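Read the numbers this way: they start at 1 and go in the same order the structure lists the ligands and their atoms. Keep in mind that what you see is a predicted model, and the values were worked out from it rather than measured.
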Amino acid sequence: MAKITHDRRFAGHPALVTGGTSGIGEQIVRRLAKEGAHVAFCGLDDEGGQALEQHLCEDGGVARYIRADVRSDAEMAQLVAQTVAQFGGLSLAVNCAGISHLPLRLADIDPAIWRDVMATNADGVFYAMRHEIPAILSHEGTNGSGAIVNIASILGAKGSPWIAAYGASKHAVIGMTLSAARDYATMGLRINAVSPGPVDTPMLQRALLDIGDDHTKYAGGFPPSGPGRPDDVASAVLFLLSREAAYINGANLLVDGATAAI
Ligand code: NAP
């Protein structure tokens with residue numbers, strides 16, 4: 001079978017990834033850099049972020065780690081400004097930063113945990129888009145190739161027993177993605193969501209430790225083929241960012257090995 005190659009699909013495109021220091025976001029950063037994008041990425045793990053930046057640059061990529069907390073509108077403004085200053089503009093963005101929480105029934109969730117999950121997963125995507133969108137729209141040369149992908153979850157479109165705060169935050173991500181897609185549909189900017197099922201990352205490993213032997217507490221369930229790999233999600237994200245997806249706007253693409261198909 002012929003090998004599929006997408007070499008340098010994003011050559012010279014300035015890109016930004018939130019939550020690029022681990023798991024799915026890290027793999028998106030790696031794939032974008034490999035395909036020629038100039039990638040800025042944020043997180044809170046400075047050591048890991050700087051090590052990834054160094055590795056990608058030594059490998060011939062163009063990458064820059066910038067520490068920024070997605071829970072802060074001011075830090076998202078600064079992150080976008082630094083990316084634009086570094087790479088001369090912005091045309092692609094992936095909002096991937098996210099957290100989960102201990103398995104608890106809704107009434108047992110501490111309000112501080114609820115607020116932190118909503119601040120990271122929902123406010124964080126809003127703050128990031130609030131600054132990414134004007135930067136992308138004003139980027140000379142975007143020519144209709146501006147694109148944003150928000151990482152939601154299959155739990156953003158159904159009930160999330162045991163992790164209600166997480167599920168609610170992902171409903172918000174899908175809701176704001178669909179609204180924003182309509183807001184900018186005539187301005188050369190596409191905005192889509194990707195909703196992964198279980199993917200083998202540090203977040204999933206922590207969730208499995210938290211639930212112990214009681215797999216009924218794993219809200220999303222597992223697909224017949226087992227958890228996906230970060231690269232499975234990265235492939236879908238890069239497709240949605242690419243020109244091949246030029247007429248896909250306001251979509252919520254499930255990447256879940258049929259987990260949600262029951
Ligand atoms: P992960 O390995 O734990 O990575 C989470 C990333 O988010 C890290 O880069 C982390 O940065 C960053 N982050 C968290 N809080 C942040 C904050 N306040 N400011 C900036 N960055 C922050 O998790 P993952 O599994 O790759 O998850 C990535 C996304 O996919 C999340 O939105 C998650 O909800 C979604 N998702 C995951 C699965 C799954 O099964 N893994 C399924 C569905 C959806 P630091 O480590 O540097 O702090």
- Proximal ligand 1 atoms for Thr120, defined as those under 4.0 Å from one of its heavy atoms: 15 (N)
- Item | Closest protein heavy atom to atom 26 (O) of ligand 1, given as residue, atom name and distance to 0.1 Å | Ile24 N, 2.8 Å
- Any luck finding a side-chain donor-acceptor pair between Gln86 and Gln82 under 3.5 Å? no
- A student checking ligand 1 against Leu44 at a 4.0 Å heavy-atom cut-off should list atoms 11 (O), 17 (C), 18 (N), 19 (N), 45 (P), 47 (O), 48 (O)
- Message: Under 4.0 Å from a heavy atom of Ile151: which atoms of ligand 1 are those, numbered in the order shown and with their elements?
- Response: 29 (C), 30 (O), 35 (C)
- Task: For the pair Asp123 and Arg130, find out whether any cationic side-chain nitrogen is under 4.0 Å from an anionic carboxylate oxygen.
- Result: no
- Task: Name the orientation class of the two ring planes belonging to Phe10 and His13 (parallel below 30°, tilted from 30 to 60°, perpendicular beyond 60°).
- Result: perpendicular
- What is the distance from atom SG of Cys42 to atom CG of Asp69, rounded to the nearest 0.5 Å? 8.5 Å
- Item | Short side-chain donor-acceptor distance under 3.5 Å, Thr177 and Asn150 | yes
- For Ala152, take its heavy atoms, then give the atoms of ligand 1 lying under 4.0 Å from any of them. 35 (C), 44 (C)
- Item | Under 3.5 Å: N/O of Val70 near N/O of ligand 1 | yes
- Message: Testing the 3.5 Å rule here: is there a donor-acceptor pair between the side chains of Arg31 and Ser235?
- Response: yes
- Of all the atoms in ligand 1, which lie at a distance below 4.0 Å from a heavy atom belonging to Ala68? 19 (N), 20 (C)
- Task: Enumerate the atoms of ligand 1 whose separation from the nearest heavy atom of Arg206 is less than 4.0 angstrom.
- Result: 3 (O)
- Hey, which atoms in ligand 1 end up nearer than 4.0 Å to a heavy atom of Thr21? 8 (C), 9 (O), 10 (C), 11 (O), 45 (P), 46 (O), 47 (O)
- Distance to 0.1 Å, residue and atom name: give those for the protein heavy atom nearest to atom 13 (N) of ligand 1. Ala97 CB, 3.8 Å
- Once you round to the nearest 0.5 Å, how far does CD of Glu53 lie from CD of Glu58? 10.5 Å
- Message: Is it the case that ligand 1 has an N or O less than 3.5 angstrom from some N or O of Gly19?
- Response: yes
- Item | Polar proximity ligand 1 side, Tyr166 side, N/O cut 3.5 Å exclusive | yes
- Query: Side chains of Asp73 and His131: is there a donor and an acceptor less than 3.5 Å apart?
  - Reply: yes
- Query: Any N/O of Asp45 closer than 3.5 Å to an N/O of ligand 1?
  - Reply: yes
- Message: Is there a side-chain contact between Asp232 and Arg229 in this structure, where contact means two heavy atoms from C-beta onward sitting under 4.5 Å apart?
- Response: yes
- Message: I need the nearest protein heavy-atom contact for atom 38 (C) of ligand 1: residue, atom name and distance, please.
- Response: Gly197 O, 4.0 Å
- Does a sphere of radius 6.0 Å around CZ in Arg182 hold more than 12 heavy atoms from other residues, nucleotides or ligands, not counting ones at 6.0 Å or beyond? no
- Message: Counting non-hydrogen protein atoms only, what is the nearest one to atom 43 (C) of ligand 1? Give residue, atom name and distance.
- Response: Pro196 O, 3.3 Å
- Message: Could you check whether any side-chain heavy atom of Arg30 comes within less than 4.5 Å of a side-chain heavy atom of Leu52, counting everything from C-beta outward?
- Response: yes
- Is it the side chain, the backbone, both or neither of Thr201 that has a heavy atom closer than 4.0 Å to ligand 1? side chain
- Does any N/O atom on Asp69 come nearer than 3.5 Å to any N/O atom on ligand 1? yes
- Heteroatom distance test (Ser22, ligand 1): nitrogen or oxygen, under 3.5 angstrom: yes
- Top protein contact for atom 40 (O) of ligand 1, by heavy-atom distance: Val199 N, 2.8 Å
- Query: Hey, which of Ile136, Ile66, Asn95, Leu90 is the one that makes side-chain contact (heavy atoms from CB on, under 4.5 Å) with Leu16?
  - Reply: Leu90
- Task: Tell me which protein heavy atom sits closest to atom 27 (O) of ligand 1, plus the residue, atom name and distance to 0.1 Å.
- Result: Met203 CE, 3.9 Å
- Query: Just one of Val94, Asn192, Asn249 clears the side-chain contact (heavy atoms from CB on, under 4.5 Å) bar with Leu240, so which one?
  - Reply: Asn192
- Message: Looking at non-hydrogen atoms alone, which of Gly23, Pro227, Gly98 comes nearest to atom 5 (C) of ligand 1?
- Response: Gly98
- Message: Any non-hydrogen side-chain atom of Thr21 less than 4.5 Å from a side-chain atom of Phe41?
- Response: yes
- Query: Looking at ligand 1, does any of its N/O atoms fall within less than 3.5 Å of an N/O of Cys96?
  - Reply: yes
- Message: With nothing but distance in play, are any N or O atoms of Pro198 less than 3.5 Å from an N or O of ligand 1?
- Response: no
- Under 4.0 Å from a heavy atom of Ile99: give me the atoms of ligand 1 that qualify, with their elements. 14 (C), 15 (N)
